[in-house]
Amino acid sequence: YRAYLLGLATVPIASLWLDFRSVQKWYAILGATFLPMLALVLLILNRRAVVGDQLRNRWFTVAGLVLTLVLFLWYGWSDLSSRF
């Protein structure tokens, strides 16, 4: 998490030495990784040993988090496969 925040804070500083388009692209890529990373962390923390039975997410919340991960993975895979 701290590395993500550090990257989010320091990528715009790179615009002093690089062109604006490349900095904007890397900032967008870094920002787009937040949602699937958050979904993955919430799925990992949704265990009985961590939060207990009362605080676990319901099935539709888990389904939404899994759907978020699947959509991001599918879009990333399709984008990478079309480039190569």
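- The backbone N or O of N46 sits less than 3.5 Å from a side-chain atom of R56, completing a donor-acceptor pair.
- Taking CG of L40 as the reference point, atom OG1 of T33 lies at 12.0 Å (rounded to 0.5 Å).
- Using a 4.5 Å cut-off between side-chain heavy atoms of Ile, Leu, Val, Met, Phe, Trp and Tyr, with links allowed through other members, L30 and L18 fall into the same hydrophobic cluster.
- Separation of atoms CZ (F60) and CG (L67) is listed at 14.5 Å; rounding is to 0.5 Å.
- Here the closest non-hydrogen pair linking F72 and A32 is CE2-O, 3.8 Å.
- Between N57 and the choices V51, V62, L43, the side-chain contact (heavy atoms from CB on, under 4.5 Å) rule is met once, by V62.
- When hydrophobic clusters are built by joining Ile, Leu, Val, Met, Phe, Trp and Tyr residues whose side-chain heavy atoms come closer than 4.5 Å, directly or via intermediates, I44 is grouped together with F34.
- Cluster membership for L69 and W77, using ILVMFWY side-chain heavy atoms within less than 4.5 angstrom, is not shared.
- In this structure, V41 is not a member of the same hydrophobic cluster as L65, with clusters built from ILVMFWY side-chain heavy atoms closer than 4.5 Å.
- When every heavy atom of T68 is checked against every heavy atom of A39, the shortest pair comes out as CG2-CB, 4.2 Å.
- Clustering ILVMFWY residues whenever any of their side-chain heavy atoms sit less than 4.5 angstrom apart, transitively, puts L71 in a cluster other than the one holding V66.
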